[in-house]
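What you see is a predicted model; the values in this text were computed from it and never measured.
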Amino acid sequence: MKRIGLLTSGGDCPGLNACIRAVVRTASYYGLETVGFIRGFKGLVDNDFKILDYKSVAGILQRGGTVLLTAREPRFKDYQYRKKAYENIKKLGIDALFVIGGNGSFQGAYLLQKEFGLNVIGIPKTIDNDIFGTEYSIGFDTAVNNAMEAIDKIKDTTMSHERVFIVEVMGRDSGFIALEVGLATGAEITLIPEYPLPLHIVEEKILKAKSMGKGFAIIVVAEGVASAKELAEILTQRLKDKDIGEIRYQVLGYIQRGGSPTAYDRIMASKFGVFAVEKYVAGEKNFMVAFENGSVVLKPLEVSFGKIRVPNIKEYEINNILSL
Ligand code: ATP
């Protein structure tokens, strides 16, 4: 029986299990056996794996995290460890490696292709949704919904106490989460790394909200722009004579990354997994799964290298029009 390898690599996110299930079940449907490596590339190097059959992925579709575990594996940047990984792959009789990961993981996989001729297939995941070449990456929708639910709750307090509240969401280099969460929660101000807003404009917007009789304001800030704590301190200080009161803040952190995936993430993860295996069965080699104009498509892995996706300015403008 032909064998494929499968691993999850980089940061975890909701929807990984749905994708693992989809790959394993599609493989099984086409008469392939799946070898699941534990802790991403670390499992490849250490030959740590388990055979995944149709039944072994039952009951995981709705669970966050990854049953294969995930890790960062710095040794994979070193040729001798990639060689060791490849030898393990060959010994197991694996014909192609499926990597559910982000940009970095795709680069690791690409090196296995370049150096040893292994057929590698990337399936994009990251809550940041910033992988270049695909309009969707597994995990984003759940992260946005998690953040939205948290902000809805914070908004109750913000409105009742007529406060300015800063909420920091994930996104070190990317503003997609902040942008969509800002829209979904009706945030008065949204701050993202791609379109910097000077501090005096933030102040003006807070004062405008107040002058319009809106007793409260929610500011959603992507972590890559500023820390919510520092921003709250600076703005409290700068607006101390304006009767704004103490500006509170909340860092949402890891709650955005966990929990049961949304229906959208389950469906996208399932579609990506089925597509990846079906293209492999059809003879395609060395590609990444991508989402483009409403369809799941195939692209060379290298498309995602060296660039990150940036939000459309139009979407940012919608936020501005609706916010105040
Ligand atoms: P995310 O950033 O969303 O968590 P990612 O896949 O981009 O996902 P990284 O931490 O960048 O996460 O990479 C995951 C793993 O991929 C690394 O720990 C390493 O094992 C491997 N990797 C990353 N970049 C390279 C590279 N240039 N060469 C070889 N391996 C790499």
Which residue pairs satisfy the side chain to side chain donor-acceptor pair (under 3.5 Å) criterion with at least one member in [range], sequence neighbours excluded?
range            : result
residues 215-237 : Lys229-Glu233
residues 115-125 : Arg82-Glu115
residues 24-35   : Arg3-Glu33, Tyr30-Glu278

For residues Tyr316 and Tyr195, establish whether the separation of their ring centroids is below 6.0 Å.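 Yes, ring centres under 6.0 Å apart.
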
Quick one: are the ring centres of Phe305 and Phe132 less than 6.0 Å apart?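 Phe305 vs Phe132: aromatic centres not under 6.0 Å.
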
Applying the 4.5 Å side-chain criterion to the ILVMFWY set and letting contacts propagate, would [X] and [Y] be lumped into a single cluster?
X      : Y      : answer
Leu118 : Phe49  : yes
Ile219 : Leu199 : yes
Tyr110 : Ile121 : no
Leu69  : Ile20  : yes
Ile51  : Val277 : no

Measuring from Asp95:CG to Lys2:NZ, what's the distance to the nearest 0.5 Å?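 The NZ atom of Lys2 is 4.5 Å from CG of Asp95, to the nearest 0.5 Å.
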
State the CG-CG distance between Leu44 and Asn47, to the nearest 0.5 angstrom.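 One gets 9.0 Å once the value is rounded to the nearest 0.5 Å.
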
Which heavy atom in [X] sits nearest to a heavy atom in [Y], and how many Å separate them?
X      : Y      : answer
Asn129 : Ser137 : OD1-N, 2.9 Å
Pro311 : Leu179 : CB-CD2, 3.5 Å
Val181 : Ala147 : CG2-CB, 3.6 Å
Asn17  : Gly64  : ND2-O, 3.1 Å
Ile192 : Val225 : C-CG2, 3.3 Å
Asp141 : Asp265 : N-OD2, 3.5 Å

Tell me every residue that passes side-chain hydrogen bond (donor to acceptor under 3.5 Å, both in side chains) with Arg238, counting only those two or more places apart in sequence or in another chain.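 Partners of Arg238 under the side-chain hydrogen bond (donor to acceptor under 3.5 Å, both in side chains) test: Glu203.
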
Report the residues that fulfil side-chain hydrogen bond (donor to acceptor under 3.5 Å, both in side chains) with Thr8, sequence neighbours left out, ordered by chain and then residue number.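 With sequence neighbours excluded, Thr8 shows a side-chain hydrogen bond (donor to acceptor under 3.5 Å, both in side chains) to Thr66, given in chain and number order.
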
Could you tell me whether [X] atom [atom1] has more than 12 heavy atoms of other residues or ligands within 6.0 Å of it?
X      : atom1 : value
Lys271 : NZ    : no
Lys90  : NZ    : yes
Lys155 : NZ    : yes

Any ring pair (Phe, Tyr, Trp, His ring centres under 6.0 Å) pairs touching residues 225-271, not counting sequence neighbours?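 Pairs touching residues 225-271 that pass the test: Tyr136-Tyr264.
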
Flag, side chain of [X] to backbone of [Y], donor-acceptor distance under 3.5 Å:
X      : Y      : value
Ser174 : Gly171 : no
Thr70  : Gly10  : yes
Asn103 : Ile131 : no

Taking the side chain as everything from C-beta on, heavy atoms only, tell me whether Pro124 gets closer than 4.5 Å to Ile100.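 Counting from C-beta outward, Pro124 and Ile100 never come under 4.5 Å.
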
Test item: Leu52 and Lys50 side chains (from C-beta on) under 4.5 Å apart, heavy atoms: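 Yes - at least one pair of side-chain heavy atoms lies under 4.5 Å apart.
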
When the ring planes of Phe291 and Phe272 are compared, do they come out parallel, tilted or perpendicular, using 30° and 60° as the limits?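 Tilted.
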
side-chain contact (heavy atoms from CB on, under 4.5 Å) between Ile4 and Val35: does it pass, once the steps are laid out? CA-CA 6 Å; Ile4 59 166; Val35 179; over 6 Å; no

Test: [X] and [Y] ion pair at under 4.0 Å:
X      : Y      : value
Lys42  : Asp48  : no
Arg172 : Asp128 : no
Lys83  : Glu87  : yes

Of the options Phe37, Tyr280, Phe106, Phe275, which is the one that meets Phe98 in a ring pair (Phe, Tyr, Trp, His ring centres under 6.0 Å)?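 Among the candidates, only Tyr280 passes.
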
Could you tell me if Ser260 and Arg266 have a donor-acceptor pair between their side chains, going purely by distance under 3.5 Å?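 Ser260 and Arg266 do have a side-chain donor-acceptor pair below 3.5 Å.
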
Arg163 pairs by side-chain contact (heavy atoms from CB on, under 4.5 Å) with which of Ile244, Ile154, Thr157?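 Only match with Arg163 under side-chain contact (heavy atoms from CB on, under 4.5 Å): Thr157.
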
